[in-house]
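Fair warning: this is a prediction, and the values are worked out from it, not measured in the lab. Heads up: numbering here begins at 1 and tracks the sequence. Excluded from the calculations below are hydrogen atoms, water molecules and symmetry mates; all remaining heavy atoms, backbone and side chain alike, are included. We count ligands from 1, going down the list as the structure has it; atoms in each ligand are counted the same way.
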Amino acid sequence: MAELSATEKIALIKQGLQEVLQEDIIVDVIEKQQRPLKIYWGTAPTGRPHCGYFVPMVKIAHFLQAGCEVKVLLADIHAFLDNMKAPLELVAHRAKYYELVIKSVLRAIGVSIEKLTFVKGSDYQLKQEYTMDLFRLSSIVTEHDAKKAGAEVVKQVASPLLSGLIYPLMQALDEEHLGVDAQFGGVDQRKIFTLAAENLTKIGFKERAHLMNPMVPGLAGGKMSASDPNSKIDLLDKPEVVKSKLRKAVCAPQDTEDNGVLSFVEYVLFPIAQLSGEPIFHVPRPDKYGGPVDYSSFEKLKEAYADGSLQPGDLKAGVEQALNALLAPIQAEYTADEEWQNIAELAYPPPVAEKKKKKEKKIGTGYHANKGAVVADGKAKPKEAVKEAVGTGAEEALEKLKVDN
Ligand SMILES: N[C@@H](Cc1ccc(O)cc1)C(=O)O
């Protein structure tokens with residue numbers, strides 16, 4: 001492919017975004033300085049990544065195509081700071097899990113990942129200079145502003161923790177310490193982005209550009225919700241699960257406004273098809289309902305849905321086919337990779353009740369785990385002894401997080 005012009009690069013960088021702040025920074029780097037734009041996207045390794053992750057991945061593909069130097073920040077400390085969404089003893093495993101998933105997704109959508117760098121937050125956020133910068137920032141940002149900045153990102157709870165105020169400050173500082181020109185994220189990050197834009201210069205650092213993706217609604221419409229598993233499809237969900245979640249998804253005939261299935265086609269399936277140079281959405285429809293049909297743009301699909309010539313069931317069948325085709329290589333890699341499976345077990349251990357059941361099965365019947373003892377190595381031990389032996393896991397986890405300062 002011929003080298004893109006500066007104008008083409010900028011257009012590709014901005015394609016599909018909802019908002020760009022300080023675009024002049026991007027123009028300056030690409031047109032005047034004629035060097036690759038350095039940009040990062042951060043993700044906090046909390047719950048299992050779902051299909052919404054395709055959306056930033058498409059943008060990462062665009063950035064790479066536009067010659068950008070792209071970093072993915074695995075924001076492990078942030079995952080912990082956000083109301084302990086990742087407990088310290090799990091956070092390292094989750095960061096690894098996210099890295100494996102992200103790489104696999106990028107391969108699945110045909111992105112070459114050589115020019116992509118992965119950085120773990122704890123690799124530099126525990127260094128002396130970073131800590132001092134955090135203290136400096138904390139001395140000029142008010143509690144009120146830090147709280148406001150995190151309102152759409154940090155989980156809101158009845159007794160807000162101090163960690164939720166540190167979170168946005170660190171995200172702002174990451175721009176400086178990762179040495180980038182721009183930060184990319186969903187439009188939900190907007191308030192943190194403006195906090196960074198307003199305050200980095202006050203402690204002697206450059207202001208960065210900010211690029212924002214629109215938010216993609218979940219399958220049930222509204223926000224993808226961690227507590228409603230049917231609102232989102234896990235990247236490792238099996239074809240039957242994908243089918244059943246799609247079947248349950250709200251998708252009223254002719255309704256193009258509040259339709260999570262249609263949005264999924266708009267924000268995920270079409271942009272991915274576009275990456276491959278073949279922007280086609282195929283609907284495998286039985287002959288008695290008009291036969292199979294291909295749409296060459298989202299607008300055409302939307303029109304057909306609005307006038308009723310495309311019915312919900314047929315739309316869902318098209319989504320099911322396209323999505324399962326996307327997920328298949330990811331699943332194949334997972335199934336072939338024992339290390340990845342082990343990390344999944346460590347990162348997302350099954351709930352205690354399930355574990356207990358499994359163990360009881362293994363050691364036979366007649367044992368009651370709730371009589372002041374727990375089972376380890378198949379032998380009953382007093383609870384206290386086991387607690388002492390394994391600690392809380394926190395010290396060990398912290399030790400793992402530490403780097404040479
Ligand atoms: N706030 C981002 C994660 C993140 C953390 C640190 C950063 O520097 C950037 C991004 C999220 O909601 O997922």
Side-chain angles (χ1 to χ4, degrees), residues 18 21 38-57 59-60 63 70-86 91 94-95 97-99 101-102 105 116-127 130-131 133-134 137-138 141 146-157 161 163-197 199-200 205-216 218 223-226 232 235 401:
Q18 179 163 328
L21 299 173
K38 296 182 196 158
I39 185 164
Y40 92 99
W41 170 70
T43 180
T46 52
R48 281 175 191 272
H50 49 76
C51 284
Y53 273 73
F54 279 120
V55 181
M57 295 303 114
K59 280 314 297 173
I60 286 177
F63 298 151
V70 186
K71 283 183 183 166
V72 171
L73 171 66
L74 300 162
D76 50 359
I77 295 185
H78 280 86
F80 171 71
L81 289 175
D82 187 1
N83 282 281
M84 280 207 291
K85 275 194 197 155
V91 88
R94 290 192 178 174
Y97 184 82
Y98 267 58
E99 182 177 346
V101 171
I102 290 168
V105 168
L116 190 66
T117 327
F118 284 82
V119 185
K120 226 165 47 183
S122 57
D123 285 344
Y124 65 92
Q125 290 160 347
L126 298 169
K127 293 193 174 155
Y130 189 97
T131 309
D133 284 341
L134 179 58
L137 202 52
S138 75
V141 175
K147 192 171 174 191
K148 227 175 54 187
E152 277 182 63
V153 173
V154 178
K155 189 174 164 202
Q156 301 297 303
V157 289
L161 295 162
S163 62
L165 302 180
I166 299 171
Y167 183 116
L169 299 189
M170 283 178 58
Q171 186 166 341
L173 272 187
D174 288 338
E175 297 180 348
E176 171 68 19
H177 284 260
L178 290 169
V180 294
D181 306 302
Q183 180 175 181
F184 161 65
V187 73
D188 57 338
Q189 310 291 312
R190 196 177 194 287
K191 290 185 182 129
I192 297 183
F193 287 177
T194 48
L195 178 100
N199 290 288
L200 282 191
F205 299 141
K206 280 188 308 192
E207 180 177 350
R208 268 70 184 192
H210 293 98
L211 294 82
M212 287 166 263
N213 244 358
M215 297 314 285
V216 180
K223 233 185 155 177
M224 284 196 215
S225 134
K232 52 188 170 51
L235 286 162
L401 279 177

Exercise. Are the side chain of D76 and the backbone N or O of S122 linked by a donor-acceptor pair below 3.5 Å?
Worked result: yes
Exercise. Taking the side chain from Y97 and the backbone from P49, do they hold a donor-acceptor pair closer than 3.5 Å?
Worked result: no
Seminar exercise, completed: Counting heavy atoms under 4.0 Å, the part of H78 that contacts ligand 1 is side chain
Seminar exercise, completed: Taking every heavy atom of V141 against every heavy atom of A146, the minimum-distance pair comes out as CG1-N, 4.0 Å
For this session: Report the part of E175 in contact with ligand 1, treating N, CA, C, O as backbone and CB onward as side chain, heavy atoms under 4.0 Å; options are side chain, backbone, both, neither.
Result: neither
Problem set entry | I102 side chain near T43 side chain, heavy-atom distance below 4.5 Å | yes
Exercise. How are the rings of F193 and H210 set relative to one another: parallel (under 30°), tilted (30 to 60°) or perpendicular (over 60°)?
Worked result: parallel
Problem set entry | Short side-chain to backbone donor-acceptor contact, K191 and A151, under 3.5 Å | no
Exercise. Can you list the ligand 1 atoms lying under 4.0 Å from a non-hydrogen atom of Q183?
Worked result: 9 (C)
Exercise. Can a donor-acceptor pair be found between the side chains of Q189 and Q171 at a distance below 3.5 Å?
Worked result: yes
Problem set entry | Contacting atoms of ligand 1, where contact means under 4.0 angstrom from a heavy atom of A75 | 5 (C), 6 (C)
Problem set entry | Considering all heavy atoms, the nearest S163-N83 contact | OG-N, 4.5 Å
Seminar exercise, completed: Per-atom filter on ligand 1: closer than 4.0 angstrom to a heavy atom of Y167 are 1 (N), 2 (C), 3 (C), 11 (C), 12 (O)
Problem set entry | Location of contacts on W41 toward ligand 1, heavy atoms closer than 4.0 Å | neither
For this session: Find all atoms of ligand 1 within a distance of less than 4.0 Å from any non-hydrogen atom belonging to Y40, and give their numbers and elements.
Result: 7 (C), 8 (O), 9 (C)
Exercise. Should the pair F184 and W41 be assigned to parallel (<30°), tilted (30 to 60°) or perpendicular (>60°) ring geometry?
Worked result: tilted
For this session: Could you list the atoms of ligand 1 found under 4.0 angstrom from a heavy atom of V153?
Result: 1 (N), 12 (O)
Seminar exercise, completed: Quick note on ligand 1: atoms under 4.0 Å from a heavy atom of L73 include exactly 6 (C), 7 (C), 8 (O)
Problem set entry | Nearest non-hydrogen protein atom, atom 13 (O) of ligand 1 | A44 N, 3.8 Å
Exercise. Among all protein non-hydrogen atoms, which one is nearest to atom 7 (C) of ligand 1, and what is the separation to 0.1 Å?
Worked result: Q171 CG, 3.3 Å
Problem set entry | Heavy atom of the protein closest to atom 12 (O) of ligand 1 (residue, atom name, distance) | Q189 NE2, 3.0 Å
For this session: Provide the number and element of each atom of ligand 1 under 4.0 Å from a heavy atom of D174.
Result: 6 (C), 7 (C), 8 (O)
For this session: Determine whether the side chain, the backbone, both or neither of I192 has a heavy atom under 4.0 Å from any heavy atom of ligand 1.
Result: neither
